[in-house]
2 protein chains.
Amino acid sequence: MSHAQRLRQRIEDEIVSGELALGSRLDENQLAARFGVSRTPIREALLQLAATGLVQAKPRRGAIVSAPEPHLLLAMFEAMAEMEAACGRLAARRLVPEDAEALQVALAGCKAAMAQEDTESYYAENYVFHTVVYRASRNAFLAEQALSLHRRLAPYRRLQLRVRQRLPQSLAEHEAIVAAIVAGDEIRAAEALRSHVIVQGDRFTDLVAGLWAPNAA
Amino acid sequence: MSHAQRLRQRIEDEIVSGELALGSRLDENQLAARFGVSRTPIREALLQLAATGLVQAKPRRGAIVSAPEPHLLLAMFEAMAEMEAACGRLAARRLVPEDAEALQVALAGCKAAMAQEDTESYYAENYVFHTVVYRASRNAFLAEQALSLHRRLAPYRRLQLRVRQRLPQSLAEHEAIVAAIVAGDEIRAAEALRSHVIVQGDRFTDLVAGLWAPNAA
DNA sequence: CTTGCAGTGCTTGTATGCAAGAAAAACCGT
DNA sequence: ACGGTTTTTCTTGCATACAAGCACTGCAAG
(Lines give C-alpha, C1' and ligand atoms only; values in the text may rest on other atoms or scores of the structure.)
Protein backbone atom coordinates (compact mmCIF):
# COMPACT_ATOMS: atom_id res chain seq x y z
CA MET A 1 0.00 0.00 0.00
CA SER A 2 1.20 3.52 -0.73
CA HIS A 3 2.26 6.06 1.85
CA ALA A 4 -0.74 8.24 1.09
CA GLN A 5 -3.17 5.40 1.81
CA ARG A 6 -1.40 4.45 5.01
CA LEU A 7 -1.45 8.07 6.12
CA ARG A 8 -5.12 8.38 5.27
CA GLN A 9 -5.97 5.47 7.56
CA ARG A 10 -3.64 6.69 10.26
CA ILE A 11 -5.02 10.22 10.34
CA GLU A 12 -8.58 8.94 10.10
CA ASP A 13 -7.95 6.69 13.10
CA GLU A 14 -6.52 9.57 15.07
CA ILE A 15 -9.58 11.66 14.35
CA VAL A 16 -12.06 8.90 15.11
CA SER A 17 -10.30 7.95 18.31
CA GLY A 18 -10.22 11.55 19.43
CA GLU A 19 -6.43 11.90 19.48
CA LEU A 20 -6.84 14.74 17.03
CA ALA A 21 -9.30 17.15 18.58
CA LEU A 22 -12.32 18.37 16.64
CA GLY A 23 -11.59 21.64 14.88
CA SER A 24 -7.82 21.35 15.24
CA ARG A 25 -5.64 22.47 12.38
CA LEU A 26 -3.91 19.93 10.14
CA ASP A 27 -0.71 21.60 9.01
CA GLU A 28 0.84 19.91 6.01
CA ASN A 29 4.44 20.68 6.90
CA GLN A 30 3.93 19.62 10.47
CA LEU A 31 2.32 16.30 9.51
CA ALA A 32 5.00 15.74 6.87
CA ALA A 33 7.73 16.20 9.45
CA ARG A 34 5.92 14.02 11.94
CA PHE A 35 5.52 11.10 9.56
CA GLY A 36 8.84 11.57 7.85
CA VAL A 37 7.49 12.04 4.34
CA SER A 38 7.10 14.97 1.98
CA ARG A 39 3.99 17.09 1.74
CA THR A 40 2.71 15.27 -1.33
CA PRO A 41 1.35 12.10 0.28
CA ILE A 42 0.06 14.18 3.19
CA ARG A 43 -1.90 16.37 0.81
CA GLU A 44 -3.32 13.34 -0.94
CA ALA A 45 -4.41 11.80 2.34
CA LEU A 46 -6.04 15.01 3.51
CA LEU A 47 -7.86 15.50 0.23
CA GLN A 48 -9.33 12.03 0.45
CA LEU A 49 -10.45 12.65 4.01
CA ALA A 50 -11.94 15.95 2.90
CA ALA A 51 -13.90 14.14 0.20
CA THR A 52 -15.46 11.88 2.83
CA GLY A 53 -16.23 14.82 5.09
CA LEU A 54 -13.99 13.90 8.00
CA VAL A 55 -11.84 16.95 7.49
CA GLN A 56 -12.80 20.30 6.09
CA ALA A 57 -10.46 21.89 3.56
CA LYS A 58 -10.82 25.62 3.15
CA PRO A 59 -9.18 26.88 -0.04
CA ARG A 60 -5.80 28.44 0.54
CA ARG A 61 -6.41 28.15 4.25
CA GLY A 62 -5.56 24.58 5.02
CA ALA A 63 -7.52 21.76 6.54
CA ILE A 64 -9.10 21.30 9.94
CA VAL A 65 -10.77 18.33 11.59
CA SER A 66 -14.45 18.74 10.79
CA ALA A 67 -16.46 20.19 13.65
CA PRO A 68 -20.01 20.40 12.31
CA GLU A 69 -22.46 22.92 13.64
CA PRO A 70 -24.90 21.40 16.14
CA HIS A 71 -27.80 21.48 13.71
CA LEU A 72 -25.77 19.56 11.12
CA LEU A 73 -24.63 17.15 13.78
CA LEU A 74 -28.22 16.41 14.69
CA ALA A 75 -28.98 15.89 11.01
CA MET A 76 -26.13 13.39 10.85
CA PHE A 77 -27.48 11.46 13.81
CA GLU A 78 -30.91 11.50 12.25
CA ALA A 79 -29.51 10.19 8.97
CA MET A 80 -27.57 7.56 10.90
CA ALA A 81 -30.80 6.51 12.60
CA GLU A 82 -32.52 6.13 9.25
CA MET A 83 -29.65 4.12 7.81
CA GLU A 84 -29.50 1.83 10.80
CA ALA A 85 -33.27 1.42 10.65
CA ALA A 86 -32.91 0.38 7.03
CA CYS A 87 -30.19 -2.13 7.95
CA GLY A 88 -32.39 -3.53 10.68
CA ARG A 89 -35.36 -3.83 8.37
CA LEU A 90 -33.36 -5.75 5.80
CA ALA A 91 -31.67 -7.85 8.45
CA ALA A 92 -35.02 -8.86 9.90
CA ARG A 93 -36.18 -9.92 6.47
CA ARG A 94 -33.04 -11.76 5.41
CA LEU A 95 -31.57 -13.09 8.61
CA VAL A 96 -29.48 -16.20 8.09
CA PRO A 97 -28.38 -18.45 10.98
CA GLU A 98 -24.83 -17.24 10.60
CA ASP A 99 -25.86 -13.62 11.24
CA ALA A 100 -28.24 -14.61 14.03
CA GLU A 101 -25.31 -16.27 15.75
CA ALA A 102 -23.10 -13.21 15.25
CA LEU A 103 -25.80 -10.98 16.75
CA GLN A 104 -26.03 -13.11 19.86
CA VAL A 105 -22.26 -13.12 20.26
CA ALA A 106 -22.05 -9.36 19.87
CA LEU A 107 -24.88 -8.89 22.35
CA ALA A 108 -23.11 -11.12 24.85
CA GLY A 109 -20.00 -9.01 24.40
CA CYS A 110 -21.93 -5.85 25.27
CA LYS A 111 -23.47 -7.54 28.29
CA ALA A 112 -20.07 -8.62 29.57
CA ALA A 113 -18.63 -5.14 29.14
CA MET A 114 -21.52 -3.60 31.01
CA ALA A 115 -21.23 -6.11 33.80
CA GLN A 116 -17.71 -4.82 34.37
CA GLU A 117 -18.94 -1.25 34.08
CA ASP A 118 -16.09 -0.70 31.67
CA THR A 119 -17.09 2.21 29.44
CA GLU A 120 -14.14 1.86 27.07
CA SER A 121 -14.80 -1.82 26.61
CA TYR A 122 -18.52 -1.24 26.13
CA TYR A 123 -17.68 1.36 23.54
CA ALA A 124 -15.68 -1.21 21.58
CA GLU A 125 -18.35 -3.90 21.92
CA ASN A 126 -21.01 -1.42 20.87
CA TYR A 127 -19.03 -0.79 17.71
CA VAL A 128 -18.90 -4.51 17.01
CA PHE A 129 -22.61 -4.90 17.64
CA HIS A 130 -23.59 -2.21 15.17
CA THR A 131 -21.16 -3.54 12.62
CA VAL A 132 -22.81 -6.93 12.86
CA VAL A 133 -26.23 -5.36 12.30
CA TYR A 134 -24.92 -3.58 9.21
CA ARG A 135 -23.55 -6.79 7.79
CA ALA A 136 -26.75 -8.65 8.59
CA SER A 137 -28.55 -6.34 6.17
CA ARG A 138 -26.81 -8.36 3.46
CA ASN A 139 -26.37 -5.14 1.54
CA ALA A 140 -22.66 -4.51 1.17
CA PHE A 141 -23.07 -0.93 0.01
CA LEU A 142 -25.48 0.11 2.73
CA ALA A 143 -23.32 -1.61 5.31
CA GLU A 144 -20.25 0.28 4.18
CA GLN A 145 -22.04 3.62 4.15
CA ALA A 146 -23.43 2.99 7.61
CA LEU A 147 -20.02 2.01 8.92
CA SER A 148 -18.45 5.11 7.42
CA LEU A 149 -20.99 7.39 9.05
CA HIS A 150 -20.70 5.49 12.32
CA ARG A 151 -16.97 6.13 12.36
CA ARG A 152 -17.50 9.76 11.53
CA LEU A 153 -19.83 10.14 14.49
CA ALA A 154 -17.59 8.13 16.79
CA PRO A 155 -16.07 11.14 18.60
CA TYR A 156 -19.52 12.33 19.64
CA ARG A 157 -20.76 8.87 20.52
CA ARG A 158 -17.85 8.61 22.89
CA LEU A 159 -19.05 11.72 24.66
CA GLN A 160 -22.56 10.37 24.93
CA LEU A 161 -21.59 7.12 26.57
CA ARG A 162 -19.92 9.04 29.36
CA VAL A 163 -23.35 9.98 30.59
CA ARG A 164 -24.31 7.86 33.57
CA GLN A 165 -27.17 5.44 33.14
CA ARG A 166 -26.68 5.39 29.42
CA LEU A 167 -24.97 2.00 29.37
CA PRO A 168 -27.78 -0.09 30.88
CA GLN A 169 -30.33 1.62 28.69
CA SER A 170 -28.20 1.09 25.61
CA LEU A 171 -27.87 -2.58 26.40
CA ALA A 172 -31.61 -2.98 26.90
CA GLU A 173 -32.16 -1.37 23.52
CA HIS A 174 -29.66 -3.74 21.95
CA GLU A 175 -31.62 -6.65 23.34
CA ALA A 176 -34.84 -5.31 21.89
CA ILE A 177 -33.15 -4.85 18.53
CA VAL A 178 -31.87 -8.41 18.42
CA ALA A 179 -35.26 -9.74 19.51
CA ALA A 180 -37.04 -7.89 16.72
CA ILE A 181 -34.54 -8.96 14.06
CA VAL A 182 -34.57 -12.58 15.15
CA ALA A 183 -38.36 -12.52 15.17
CA GLY A 184 -38.27 -11.28 11.61
CA ASP A 185 -40.33 -8.24 12.53
CA GLU A 186 -39.12 -5.65 10.03
CA ILE A 187 -41.11 -2.74 11.39
CA ARG A 188 -40.19 -3.32 15.00
CA ALA A 189 -36.52 -3.83 14.12
CA ALA A 190 -36.43 -0.60 12.15
CA GLU A 191 -38.17 1.32 14.90
CA ALA A 192 -35.95 -0.12 17.63
CA LEU A 193 -32.80 0.91 15.77
CA ARG A 194 -34.16 4.30 14.85
CA SER A 195 -34.99 5.20 18.43
CA HIS A 196 -31.71 3.68 19.63
CA VAL A 197 -29.64 5.96 17.45
CA ILE A 198 -31.66 9.14 17.26
CA VAL A 199 -30.68 11.98 19.54
CA GLN A 200 -33.69 13.43 21.29
CA GLY A 201 -35.00 14.33 24.70
CA ASP A 202 -32.37 14.26 27.41
CA ARG A 203 -29.75 12.93 25.06
CA PHE A 204 -30.00 16.07 23.00
CA THR A 205 -29.05 18.12 26.02
CA ASP A 206 -26.28 15.66 26.89
CA LEU A 207 -24.85 15.87 23.41
CA VAL A 208 -24.89 19.64 23.18
CA ALA A 209 -23.43 19.91 26.67
CA GLY A 210 -20.61 17.60 25.66
CA LEU A 211 -19.79 19.78 22.68
CA TRP A 212 -18.33 22.53 24.80
CA ALA A 213 -15.19 20.67 25.77
CA PRO A 214 -13.87 19.89 22.26
CA ASN A 215 -14.64 23.41 21.06
CA ALA A 216 -12.47 24.82 23.79
CA ALA A 217 -9.47 22.77 22.66
CA MET B 1 -11.56 27.73 -6.73
CA SER B 2 -8.45 25.68 -7.28
CA HIS B 3 -7.67 23.71 -10.41
CA ALA B 4 -8.01 20.41 -8.59
CA GLN B 5 -11.53 21.26 -7.45
CA ARG B 6 -12.57 22.44 -10.88
CA LEU B 7 -11.17 19.28 -12.40
CA ARG B 8 -12.94 17.14 -9.84
CA GLN B 9 -16.29 18.65 -10.76
CA ARG B 10 -15.54 18.46 -14.45
CA ILE B 11 -14.51 14.81 -14.40
CA GLU B 12 -17.41 13.96 -12.11
CA ASP B 13 -19.81 15.62 -14.54
CA GLU B 14 -18.34 13.70 -17.43
CA ILE B 15 -18.79 10.43 -15.59
CA VAL B 16 -22.32 11.21 -14.44
CA SER B 17 -23.39 12.39 -17.86
CA GLY B 18 -21.94 9.30 -19.47
CA GLU B 19 -19.30 11.08 -21.56
CA LEU B 20 -16.73 8.95 -19.80
CA ALA B 21 -17.82 5.36 -20.22
CA LEU B 22 -18.08 3.06 -17.23
CA GLY B 23 -14.91 1.10 -16.74
CA SER B 24 -12.82 3.34 -18.96
CA ARG B 25 -9.27 4.13 -17.94
CA LEU B 26 -8.37 7.53 -16.55
CA ASP B 27 -4.81 8.15 -17.62
CA GLU B 28 -3.13 10.89 -15.63
CA ASN B 29 -0.85 12.10 -18.41
CA GLN B 30 -3.66 12.08 -20.92
CA LEU B 31 -5.99 14.06 -18.65
CA ALA B 32 -3.18 16.44 -17.75
CA ALA B 33 -2.52 17.15 -21.42
CA ARG B 34 -6.22 17.49 -22.17
CA PHE B 35 -6.82 20.04 -19.42
CA GLY B 36 -3.51 21.80 -19.84
CA VAL B 37 -2.28 21.27 -16.29
CA SER B 38 0.32 19.09 -14.66
CA ARG B 39 -0.39 15.67 -13.22
CA THR B 40 -0.57 16.98 -9.68
CA PRO B 41 -4.06 18.53 -9.71
CA ILE B 42 -5.30 15.61 -11.84
CA ARG B 43 -4.11 13.16 -9.22
CA GLU B 44 -5.74 15.20 -6.48
CA ALA B 45 -9.03 15.27 -8.35
CA LEU B 46 -8.93 11.53 -9.05
CA LEU B 47 -8.11 10.71 -5.45
CA GLN B 48 -11.07 12.70 -4.24
CA LEU B 49 -13.36 10.95 -6.71
CA ALA B 50 -11.92 7.63 -5.58
CA ALA B 51 -12.75 8.51 -1.99
CA THR B 52 -16.40 9.04 -2.93
CA GLY B 53 -16.46 5.83 -4.94
CA LEU B 54 -17.06 7.30 -8.37
CA VAL B 55 -13.73 6.08 -9.63
CA GLN B 56 -11.77 3.06 -8.58
CA ALA B 57 -8.04 3.49 -7.98
CA LYS B 58 -6.01 0.30 -8.11
CA PRO B 59 -2.58 0.69 -6.56
CA ARG B 60 0.18 1.14 -9.13
CA ARG B 61 -2.36 0.41 -11.83
CA GLY B 62 -4.15 3.68 -12.28
CA ALA B 63 -7.76 4.67 -11.99
CA ILE B 64 -10.85 3.59 -13.89
CA VAL B 65 -14.42 4.82 -13.84
CA SER B 66 -16.17 2.61 -11.32
CA ALA B 67 -18.20 -0.16 -12.92
CA PRO B 68 -19.69 -2.02 -9.97
CA GLU B 69 -20.61 -5.66 -10.21
CA PRO B 70 -24.35 -6.18 -10.76
CA HIS B 71 -24.90 -7.40 -7.22
CA LEU B 72 -23.28 -4.29 -5.80
CA LEU B 73 -25.26 -2.13 -8.18
CA LEU B 74 -28.49 -3.66 -6.92
CA ALA B 75 -27.32 -3.01 -3.38
CA MET B 76 -26.73 0.62 -4.31
CA PHE B 77 -30.23 0.96 -5.71
CA GLU B 78 -31.63 -0.68 -2.61
CA ALA B 79 -29.71 1.73 -0.40
CA MET B 80 -30.90 4.61 -2.56
CA ALA B 81 -34.48 3.42 -2.08
CA GLU B 82 -34.03 3.37 1.68
CA MET B 83 -32.51 6.83 1.70
CA GLU B 84 -35.25 8.28 -0.46
CA ALA B 85 -37.84 6.58 1.73
CA ALA B 86 -36.26 8.26 4.74
CA CYS B 87 -36.34 11.63 2.97
CA GLY B 88 -39.99 11.10 2.11
CA ARG B 89 -40.87 10.13 5.65
CA LEU B 90 -39.25 13.23 7.08
CA ALA B 91 -40.71 15.42 4.36
CA ALA B 92 -44.21 14.16 5.10
CA ARG B 93 -43.72 14.99 8.74
CA ARG B 94 -42.13 18.39 8.29
CA LEU B 95 -43.59 19.74 5.10
CA VAL B 96 -43.66 23.51 4.97
CA PRO B 97 -45.71 25.46 2.38
CA GLU B 98 -42.52 26.46 0.59
CA ASP B 99 -41.55 22.84 -0.04
CA ALA B 100 -45.12 21.85 -0.93
CA GLU B 101 -45.04 24.52 -3.59
CA ALA B 102 -41.67 23.30 -4.90
CA LEU B 103 -42.98 19.74 -5.10
CA GLN B 104 -45.96 20.82 -7.19
CA VAL B 105 -43.71 22.82 -9.51
CA ALA B 106 -41.31 19.91 -9.96
CA LEU B 107 -44.21 17.55 -10.61
CA ALA B 108 -45.60 19.91 -13.23
CA GLY B 109 -42.19 19.96 -14.88
CA CYS B 110 -42.17 16.17 -15.14
CA LYS B 111 -45.68 16.19 -16.52
CA ALA B 112 -44.76 18.70 -19.20
CA ALA B 113 -41.69 16.72 -20.21
CA MET B 114 -43.70 13.53 -20.50
CA ALA B 115 -46.37 15.26 -22.55
CA GLN B 116 -43.69 16.02 -25.12
CA GLU B 117 -42.36 12.47 -24.85
CA ASP B 118 -38.93 14.02 -24.43
CA THR B 119 -36.81 11.49 -22.57
CA GLU B 120 -33.83 13.80 -22.09
CA SER B 121 -36.04 16.53 -20.72
CA TYR B 122 -37.88 14.12 -18.45
CA TYR B 123 -34.54 12.89 -17.20
CA ALA B 124 -33.63 16.43 -16.18
CA GLU B 125 -37.01 17.11 -14.57
CA ASN B 126 -36.84 13.80 -12.73
CA TYR B 127 -33.53 14.92 -11.27
CA VAL B 128 -35.10 18.17 -10.11
CA PHE B 129 -38.06 16.34 -8.60
CA HIS B 130 -35.94 14.05 -6.50
CA THR B 131 -33.72 16.91 -5.42
CA VAL B 132 -36.79 18.73 -4.16
CA VAL B 133 -37.84 15.68 -2.17
CA TYR B 134 -34.39 15.48 -0.60
CA ARG B 135 -34.51 19.10 0.43
CA ALA B 136 -38.02 18.74 1.77
CA SER B 137 -36.66 16.28 4.34
CA ARG B 138 -35.18 19.36 6.01
CA ASN B 139 -32.12 17.32 6.82
CA ALA B 140 -29.17 18.88 5.04
CA PHE B 141 -26.87 15.93 5.61
CA LEU B 142 -29.31 13.29 4.44
CA ALA B 143 -30.20 15.42 1.43
CA GLU B 144 -26.58 15.75 0.43
CA GLN B 145 -25.91 12.04 0.83
CA ALA B 146 -28.97 11.20 -1.21
CA LEU B 147 -27.99 13.62 -3.94
CA SER B 148 -24.50 12.21 -4.05
CA LEU B 149 -25.75 8.66 -4.47
CA HIS B 150 -28.33 9.80 -7.00
CA ARG B 151 -25.57 11.31 -9.11
CA ARG B 152 -23.49 8.20 -8.78
CA LEU B 153 -26.36 6.08 -10.08
CA ALA B 154 -27.22 8.54 -12.81
CA PRO B 155 -25.54 6.61 -15.65
CA TYR B 156 -27.68 3.57 -14.90
CA ARG B 157 -30.86 5.56 -14.38
CA ARG B 158 -30.34 6.95 -17.84
CA LEU B 159 -30.37 3.44 -19.24
CA GLN B 160 -33.51 2.60 -17.37
CA LEU B 161 -35.53 5.50 -18.65
CA ARG B 162 -34.88 4.35 -22.19
CA VAL B 163 -37.25 1.48 -21.58
CA ARG B 164 -40.62 2.19 -23.18
CA GLN B 165 -43.55 2.70 -20.88
CA ARG B 166 -41.28 3.64 -18.04
CA LEU B 167 -42.00 7.35 -18.31
CA PRO B 168 -45.78 7.25 -17.72
CA GLN B 169 -45.34 4.84 -14.86
CA SER B 170 -42.62 6.98 -13.31
CA LEU B 171 -44.84 10.05 -13.49
CA ALA B 172 -47.74 8.22 -11.87
CA GLU B 173 -45.44 7.20 -9.06
CA HIS B 174 -44.28 10.79 -8.66
CA GLU B 175 -47.89 11.86 -8.26
CA ALA B 176 -48.48 9.25 -5.59
CA ILE B 177 -45.36 10.39 -3.77
CA VAL B 178 -46.41 14.02 -3.73
CA ALA B 179 -49.92 13.07 -2.63
CA ALA B 180 -48.59 11.07 0.31
CA ILE B 181 -46.15 13.77 1.40
CA VAL B 182 -48.72 16.54 1.15
CA ALA B 183 -51.18 14.39 3.10
CA GLY B 184 -48.55 14.06 5.80
CA ASP B 185 -48.69 10.28 5.61
CA GLU B 186 -45.16 9.26 6.60
CA ILE B 187 -45.58 5.56 6.00
CA ARG B 188 -47.21 5.91 2.62
CA ALA B 189 -44.63 8.49 1.49
CA ALA B 190 -41.76 6.23 2.51
CA GLU B 191 -43.29 3.22 0.83
CA ALA B 192 -44.10 5.14 -2.36
CA LEU B 193 -40.50 6.35 -2.67
CA ARG B 194 -39.04 2.98 -1.80
CA SER B 195 -40.98 1.17 -4.46
CA HIS B 196 -40.33 3.98 -6.94
CA VAL B 197 -36.57 3.65 -6.62
CA ILE B 198 -36.06 -0.04 -5.97
CA VAL B 199 -35.07 -2.22 -8.88
CA GLN B 200 -37.15 -5.35 -9.00
CA GLY B 201 -39.32 -7.39 -11.31
CA ASP B 202 -39.05 -6.39 -14.94
CA ARG B 203 -36.85 -3.45 -14.13
CA PHE B 204 -34.19 -5.80 -12.83
CA THR B 205 -34.03 -7.48 -16.21
CA ASP B 206 -34.04 -4.12 -17.96
CA LEU B 207 -31.15 -2.89 -15.86
CA VAL B 208 -29.00 -5.94 -16.30
CA ALA B 209 -29.73 -6.01 -20.02
CA GLY B 210 -28.62 -2.39 -20.28
CA LEU B 211 -25.33 -3.21 -18.63
CA TRP B 212 -24.00 -5.06 -21.63
CA ALA B 213 -23.43 -1.99 -23.74
CA PRO B 214 -21.18 -0.07 -21.33
CA ASN B 215 -19.17 -3.17 -20.57
CA ALA B 216 -18.39 -3.58 -24.24
CA ALA B 217 -16.92 -0.09 -24.43
C1' DC C 1 3.25 -24.20 -30.76
C1' DT C 2 3.25 -23.03 -26.27
C1' DT C 3 5.47 -21.37 -22.17
C1' DG C 4 8.88 -19.33 -19.14
C1' DC C 5 11.95 -15.44 -18.50
C1' DA C 6 14.53 -11.38 -18.98
C1' DG C 7 14.81 -6.72 -20.56
C1' DT C 8 12.70 -2.49 -21.74
C1' DG C 9 9.41 1.06 -21.49
C1' DC C 10 5.65 3.27 -19.57
C1' DT C 11 2.86 4.56 -15.49
C1' DT C 12 2.37 5.58 -10.93
C1' DG C 13 4.04 7.42 -6.47
C1' DT C 14 7.04 10.67 -3.94
C1' DA C 15 10.14 14.57 -3.42
C1' DT C 16 11.49 19.19 -4.27
C1' DG C 17 11.17 23.77 -6.07
C1' DC C 18 8.60 27.83 -7.10
C1' DA C 19 4.81 31.17 -7.32
C1' DA C 20 0.60 33.14 -5.63
C1' DG C 21 -2.39 34.32 -1.92
C1' DA C 22 -3.67 35.12 2.80
C1' DA C 23 -2.64 36.00 7.72
C1' DA C 24 0.31 38.57 10.66
C1' DA C 25 3.32 42.09 11.83
C1' DA C 26 5.33 46.41 11.36
C1' DC C 27 5.00 51.03 9.95
C1' DC C 28 3.06 55.42 9.06
C1' DG C 29 -0.30 59.03 9.24
C1' DT C 30 -3.73 61.28 11.77
C1' DA D 1 -2.66 56.16 20.95
C1' DC D 2 -5.29 54.22 17.34
C1' DG D 3 -6.68 52.99 12.71
C1' DG D 4 -5.34 52.00 8.22
C1' DT D 5 -1.93 50.54 5.03
C1' DT D 6 2.06 48.24 3.57
C1' DT D 7 5.29 44.75 3.87
C1' DT D 8 6.75 40.49 5.36
C1' DT D 9 6.33 35.90 6.17
C1' DC D 10 4.22 31.65 6.09
C1' DT D 11 1.18 28.35 3.85
C1' DT D 12 -1.02 26.42 0.16
C1' DG D 13 -1.30 24.97 -4.73
C1' DC D 14 0.94 23.70 -8.95
C1' DA D 15 4.85 22.21 -11.81
C1' DT D 16 8.78 19.51 -12.54
C1' DA D 17 12.05 16.00 -11.51
C1' DC D 18 13.14 11.52 -9.90
C1' DA D 19 12.51 6.72 -8.27
C1' DA D 20 10.16 2.45 -8.20
C1' DG D 21 6.94 -1.09 -9.93
C1' DC D 22 4.28 -3.35 -13.23
C1' DA D 23 3.21 -4.74 -17.97
C1' DC D 24 4.44 -5.95 -22.36
C1' DT D 25 7.47 -7.57 -25.96
C1' DG D 26 10.76 -10.53 -27.72
C1' DC D 27 13.46 -14.53 -27.37
C1' DA D 28 14.63 -19.02 -26.35
C1' DA D 29 13.75 -23.59 -24.77
C1' DG D 30 10.83 -27.54 -24.10
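Just so it is clear: chains get the letters A, B, ... in the order the sequence lines come, proteins before strands, and each one is counted from 1.
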Legend entry - Minimal non-hydrogen separation, Ala140(A) against Leu72(B), with atom names: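 Scanning both residues, the minimum pair turns out to be CB-CD1, 4.3 Å.
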Legend entry - Shortest non-hydrogen contact from Ala86(B) toward Glu82(A):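 Minimum heavy-atom separation between Ala86(B) and Glu82(A): CB-OE1, 3.5 Å.
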Inset, instruction - Using the salt bridge (Lys or Arg N to Asp or Glu O under 4.0 Å) rule, collect all pairs that involve residues 39-52 of chain B, keeping only residues at least two apart or in two chains. - result: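 Listed once each, the pairs are Arg43(A)-Glu44(B), Glu44(A)-Arg43(B), Glu28(B)-Arg39(B), Glu28(B)-Arg43(B).
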Legend entry - Pairs touching residues 63-79 of chain A that satisfy salt bridge (Lys or Arg N to Asp or Glu O under 4.0 Å), sequence neighbours left out: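 Non-adjacent pairs meeting salt bridge (Lys or Arg N to Asp or Glu O under 4.0 Å): Glu78(A)-Arg94(B).
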Just how far, in rounded Å, is [atom2] of [N] from [atom1] of [X]?
X	N	atom1	atom2	result
His3(A)	dA15(C)	NE2	P	7 Å
Leu26(A)	dT12(D)	CG	P	10 Å
Met1(B)	dT12(D)	CE	P	19 Å
Leu46(B)	dC14(D)	CG	P	14 Å
Lys58(B)	dG21(D)	NZ	C1'	17 Å
Leu47(B)	dG13(C)	CG	P	8 Å
Glu44(B)	dA15(D)	CD	P	10 Å
Arg6(A)	dG13(C)	CZ	P	13 Å

Legend entry - side chain to side chain contact (heavy atoms under 4.5 Å, CB included) assessment of Gln5(A) paired with Leu47(B): CA-CA 10 Å; Gln5(A) 299 309 312; Leu47(B) 281 167; 4.2 Å; yes
Inset, instruction - Residues of residues 30-42 of chain B with any non-hydrogen atom less than 4.0 angstrom from an atom of DNA chain C: list those, numerically ordered, please. - result: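 When residues 30-42 of chain B is checked for heavy atoms under 4.0 Å from DNA chain C, the hits, listed by number, are Arg39(B).
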Inset, instruction - Ignoring the backbone of Ala4(B), work out which of dC14(D), dT14(C), dT12(C) is nearest its side chain. - result: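 Out of dC14(D), dT14(C), dT12(C), the nucleotide with an atom closest to Ala4(B)'s side chain is dC14(D).
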Inset, instruction - Look at Glu12(B) together with Arg152(B) and state whether they make a salt bridge at an N to O cut-off of under 4.0 Å. - result: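 No salt bridge links Glu12(B) with Arg152(B).
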Inset, instruction - Establish, from distance only, whether the side-chain atoms of Glu144(A) and Tyr134(A) form a donor-acceptor pair under 3.5 Å. - result: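 No pair is found: no donor N or O on one side chain lies under 3.5 Å from an acceptor on the other.
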Contacts table for residues 49-64 of chain A: side-chain donor-acceptor under 3.5 angstrom, sequence neighbours left out:
unit_1: Thr52(A); atom_1: OG1; unit_2: Leu49(A); atom_2: O; d: 2.9

Legend entry - Nearest-nucleotide comparison on DNA chain C, the residue closer to the 5′ end among Arg25(B) and Ser2(A):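 It is Arg25(B) whose nearest nucleotide is closer to the 5' end.
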List the atom pairs, donor and acceptor, that lie under 3.5 Å between side-chain atoms in residues 18-26 of chain B and the rest of the protein, sequence neighbours left out.
unit_1: Glu19(B); atom_1: OE2; unit_2: Ser17(B); atom_2: OG; d: 3.2
unit_1: Ser24(B); atom_1: OG; unit_2: Ala21(B); atom_2: O; d: 2.7

Please produce a list of atom pairs where a protein N or O lies less than 3.5 Å from an N or O of nucleotides 20-24 of chain C.
unit_1: dA20(C); atom_1: N3; unit_2: Arg60(A); atom_2: NH1; d: 3.4
unit_1: dA23(C); atom_1: OP1; unit_2: Arg61(A); atom_2: NE; d: 2.9
unit_1: dA23(C); atom_1: OP1; unit_2: Arg61(A); atom_2: NH1; d: 3.3

